[in-house]
Structures are given as structure tokens and as C-alpha cells.
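The structure under discussion appears below in the form of C-alpha cells.
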Amino acid sequence: MKLYSDVDLPHRPSDHPDWQESWVLIFRDPETGLVGFLRTGSYVNQGTTQTHWGMALPDGTRFRRHLLDRRIEPGDRTETTASSGTMKVSFPDMACCRFEGTDQDAEADLRMYDFFPSQQWTVIGGPGHGASLDGGNDHGHPESAGRVEGRVRLGDRTFEIKDGIAYRDHGYGPRAHTIFRSARWNAGTVGPRLSYSLVSIQDNDGAFNKFGWLMRDGKREAIKDLHTVNCTLADGLSVLGGWTVVVLESGEHIRIDVDTVDGVVTSTHLNNGGPGSSPAGIDALSIPRWNGLEGVGDFNMIDNAHRGEQEVSHLFMANHHDGLSKRDFDPSWLRLPRP
């Protein structure tokens, strides 16, 4: 089976001023508990690139670096690679997906070997139920999950990852400055038996939309409905975990439970949200659990019910600091044992 194809590689941009293309890798090393979020992308017609990068250990050691307005340089985009200066994605011999990141406080060189070919979102519920959101060369969001290996440096510690687990996505097409009222995106994997991307969004005008996909034992399952429940702390943004319940067209219910290791604040044009940027979202780097298996996921959340544009600050568990730091909040005593 051919895992990689042209849909995974850089696309020719349209002339839309907000056309962007980006690649994301979310990974976890079960041996050390290290988790990470690596994103490289560009607003091609604006001539800028973006790096979003966050990593964390269970002991609270964390790293975050955003570089949002670097100018595109010659060679940043080729037929098979894309770079934002501090982050690069490539597909060596079309055999794996490789992410390389460099920073004074951190490094990463990771290779992901997918479990299955990239999957595109379909509409869940409403008049377009079941329709694919694959827009060909104009827009799309192909995603997959797999095994990851490589090397990561966090501060002065180096980690050799031999058998990690990862999820990746690739978004391309127009992406304007958008104010969501709320959004939930539970995307991840527990291994070859179950991988998923489950999205629900309430737009600025109040419209509610759901889309996504779910792969079980190598087969894509048709989804009838889904709901995600996020547990947040008193700052209104730090995600402790939660769960998603998926109803398949067959009537079967699948529940995916999630515990968050650490959160990374992300935003489109400003470091922590604010006027002229998307609301600050939380990429909650998490451990999903299903049927006795566990893996890695992004329990992403945007909560902006009043549609404001203020910068976020004073957060318990969502990292909004630059560089290397240590979380001083211990969430372990908040987690009740499950029955």
C-alpha cells in the first residue's frame, strides 16, 4: 500500500491573499512521557512563514516558541519540502514524514511512519452529512497517524525516541482571520487499532458544524454524530482532559477518554491571541485511552463565547511563555481515579 501521495506534499497556491499551507506533528514517547506539537507553515501570498512549537514532560518542564512573521526565503517551498526557518517538513523517498526543528532551547528530528494513507474530513450532521471536505488542489486537510522515532533535545536533556506514537495533519487553502465562538478538536491515535480526527465548531454567526473521520482496525467507520466534553480550570483556558463520544452510523458508541499532559497556547498572527489574530487556542497535548490502549492526541479547544480579541495571560496549565520554563502548577491532585 502506498502511504504517501501528492496530497501530502506542498500544493500550488491560489491567488487568495489568505491562502496558507501547514503541516503539524503531535508525538509522544511512552518511555519518558515526552509530548510535543510541531507546526511549520506559510501564508504564501503574504510572503510569510510560521513556526508553532511546544513540548513538555510530565514533571512540568516545557518549551514553547512561535515565529509568526518570518519572510519567505528562496528554497523554503519545494516540490517535496516546506520550511519556516526553524522548522522543516520533508518526505524522504516518500517512505516517511520527517520533521526537523532547531532552537537555542530545543531541537527535534523525528520520522513518522504512517499506519494508513491520509484521510480527509467529512461533514457530520446537517444537510451536507457525509460529504467530503476534500477540495482537491484548492483546499484540504489530509491527516494520518503512525509510529515515530528520532531525537529530541529539551534544554540540556536529549531523548532518543525508538518506538513513539504520533499523529499528523496537513492543511491547505484560504484561512482568513476568523473569530470562533467555540471549537473542539480531538485528534489522535492509540495505535493501529484506532485513530481519529473529530471536530465541532460554532462560528461567529452562531452556526454549529461538525466534521472528521475515524479509522478502526484499518477500516474507516461512518460517523453519525459526536460530542466532545472538555474539563477546564478556573482560568477558562487550561484543559485538564475530557472525553469524546462518537456515534457510528451502525448505532455503536465509541468513547475516547483523554488526560492532558500540558497545553500550548497557539494563535494565527499574534503570540497569545489579541486584536488582528484568531482567538488563542489551546493545543492540549494529551494521552487518549480506548479499550485498554493509550496513545497521543491533541485535545484542542477554543473558547471565545463573547467573541473578544484580548490577549491571554495568567494561565494554570496552558503554556503562553516563550522558551524553556517549568510549570509551577501541579494538576495531579485534581484527577479523580476512574471507576
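A salt bridge between R98 and D109 is present, with a side-chain N of the basic residue lying under 4.0 Å from a carboxylate O of the acidic one. Under 4.0 Å is where a charged nitrogen must lie from a carboxylate oxygen, and between K224 and E249 no such pair does. Between R255 and D257 there is a salt bridge, since at least one side-chain N of the basic residue sits less than 4.0 Å from a carboxylate O of the acidic one. Looking at R64 and D322, a side-chain N of the basic residue comes within less than 4.0 Å of a carboxylate O on the acidic one, giving a salt bridge.
When hydrophobic clusters are built by joining Ile, Leu, Val, Met, Phe, Trp and Tyr residues whose side-chain heavy atoms come closer than 4.5 Å, directly or via intermediates, F159 is grouped together with M55. Both F99 and F91 are assigned to one and the same hydrophobic cluster, defined by single-linkage of ILVMFWY side chains at heavy-atom distances under 4.5 Å. L3 and V7 fall into different hydrophobic clusters, where Ile, Leu, Val, Met, Phe, Trp and Tyr residues are linked whenever their side-chain heavy atoms come under 4.5 Å apart, directly or through other members. Note on L293 and Y196: same hydrophobic cluster, where clusters join Ile, Leu, Val, Met, Phe, Trp and Tyr whose side-chain heavy atoms are under 4.5 Å apart, directly or indirectly. Connection of M87 to Y172 is not established within any shared hydrophobic cluster, with ILVMFWY side chains joined at heavy-atom distances below 4.5 Å, either directly or through further cluster members.
Using bins of under 30°, 30° to 60° and over 60° for the plane-to-plane angle, the ring pair H141/W121 lands in the parallel bin. Between Y43 and H269, the angle of the ring planes lies from 30° to 60°, which puts this pair in the tilted group.
To the nearest 0.5 Å, atoms CZ (F208) and CG (D203) are separated by 10.0 Å. In this structure, the separation between CD1 on I302 and CZ on R181 is 14.5 Å, given to the nearest 0.5 Å. Note that the OH atom of Y113 and the CZ atom of R147 stand 6.5 Å from one another [nearest 0.5 Å]. E79 contributes atom CD, which lies 9.5 Å from atom CG of D6 (distance to the nearest 0.5 angstrom). The CG atom of L270 sits 9.5 Å away from atom CG of D69, with the distance rounded to the nearest 0.5 Å. Atom NZ of K88 is separated from atom OG1 of T51 by 13.0 Å, given to the nearest 0.5 angstrom.
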Working note: I254 + R216, criterion side-chain contact (heavy atoms from CB on, under 4.5 Å); need CA distance, chi angles, decisive distance, verdict.
CA-CA 11 Å; I254 293 179; R216 183 169 57 169; 3.8 Å; yes
Test side-chain contact (heavy atoms from CB on, under 4.5 Å) applied to F27 and L38, step by step
CA-CA 9 Å; F27 74 91; L38 286 69; 3.6 Å; yes
Verdict with reasoning, R289 to V190, per side-chain contact (heavy atoms from CB on, under 4.5 Å):
CA-CA 7 Å; R289 294 183 172 90; V190 296; 5.9 Å; no
Under the side-chain contact (heavy atoms from CB on, under 4.5 Å) criterion, do M301 and R184 qualify, and how do the steps go?
CA-CA 5 Å; M301 181 192 80; R184 302 284 185 270; 3.1 Å; yes
Is there a side chain to side chain donor-acceptor pair (under 3.5 Å) between S118 and R168 once you walk through the steps?
CA-CA 9 Å; S118 294; R168 66 169 177 85; 2.9 Å; yes
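Checked by atom type and distance alone, the side chain of S144 pairs as donor or acceptor with a backbone atom of F116 at under 3.5 Å. Of the possible donor and acceptor atoms, none in the side chain of R28 sits under 3.5 Å from a partner among the backbone N and O of P30. The closest donor-acceptor contact from the side chain of Q50 to the backbone of T268 lies under 3.5 Å. At distances below 3.5 Å, at least one donor-acceptor pair connects side-chain atoms of D235 with backbone N or O atoms of F316. Judged purely by atom type and a 3.5 angstrom limit, D330 uses its side chain to pair as donor or acceptor with the backbone of S332. The main-chain N or O of M317 is found under 3.5 Å from a side-chain atom of S238 such that the two form a donor-acceptor pair. H253 places a side-chain N or O within donor-acceptor distance of the main-chain N or O of G251, the cut-off being under 3.5 Å. At least one donor-acceptor pair closer than 3.5 Å links the side chain of H11 to the backbone N or O of L9. Proximity of a side-chain donor or acceptor of N45 to a complementary backbone N or O of S14 within less than 3.5 Å is detected. Remark: the backbone N or O of G295 is not paired with any side-chain donor or acceptor of W290 at under 3.5 angstrom.
The closest side-chain heavy-atom distance from I201 to F211 is below 4.5 Å. Two residues are said to be in side-chain contact when any heavy atoms from C-beta on lie closer than 4.5 Å; V245 and H227 fail this criterion. Using a 4.5 Å heavy-atom threshold, the side chains of T48 and R71 count as touching. With a 4.5 Å cut-off on side-chain heavy atoms, V258 and V239 do not count as touching. By the 4.5 Å heavy-atom criterion applied to side chains, S22 and H52 are not counted as neighbours. The closest side-chain heavy-atom distance from R62 to L285 is not below 4.5 Å. Between L198 and I256 the shortest side-chain heavy-atom distance falls below 4.5 Å. Side-chain contact check for M215 versus E143: every heavy-atom pair is 4.5 Å or farther apart.
Side-chain N/O atoms of S286 and T260 include a donor and acceptor closer than 3.5 Å. There is a side-chain donor-acceptor pair under 3.5 Å between T40 and S84. Donor-acceptor pairing under 3.5 Å is lacking for the side chains of S90 and T81. Remark: the T266 side chain and the R39 side chain contain no N/O donor-acceptor pair separated by less than 3.5 Å. D262 and N319 form no side-chain donor-acceptor contact under 3.5 Å, judged by distance and modelled atom types alone. Inspection of the N186 and T228 side chains reveals no N or O donor paired with an N or O acceptor under 3.5 Å. Side-chain atoms of H170 and E21 include a donor-acceptor pair closer than 3.5 Å.
Other residues, nucleotides and ligands contribute over 12 non-hydrogen atoms within 6.0 Å of the CD atom of E252. The number of heavy-atom neighbours closer than 6.0 Å to CG of D328, taken from other residues, nucleotides and ligands shown, is 12 or below. The environment of NZ in K210 is crowded: more than 12 heavy-atom neighbours from other residues, nucleotides or ligands sit within 6.0 Å.
Shown here for V312 and A280, the closest heavy-atom pair between the two residues is CG1-CB, 3.6 Å. Residues S197 and W185 approach most closely at OG-NE1, 2.9 Å, considering heavy atoms. Of all non-hydrogen atoms in W213 and I223, the two that sit nearest each other are C-CD1, 3.9 Å. The two atoms that bring S267 and N272 nearest to each other are CB-C, 4.3 Å, heavy atoms only. Nearest heavy atom pair, residue K326 against residue D59, reads CE-O, 2.8 Å. Residues M112 and G146 approach most closely at CE-N, 3.3 Å, considering heavy atoms.
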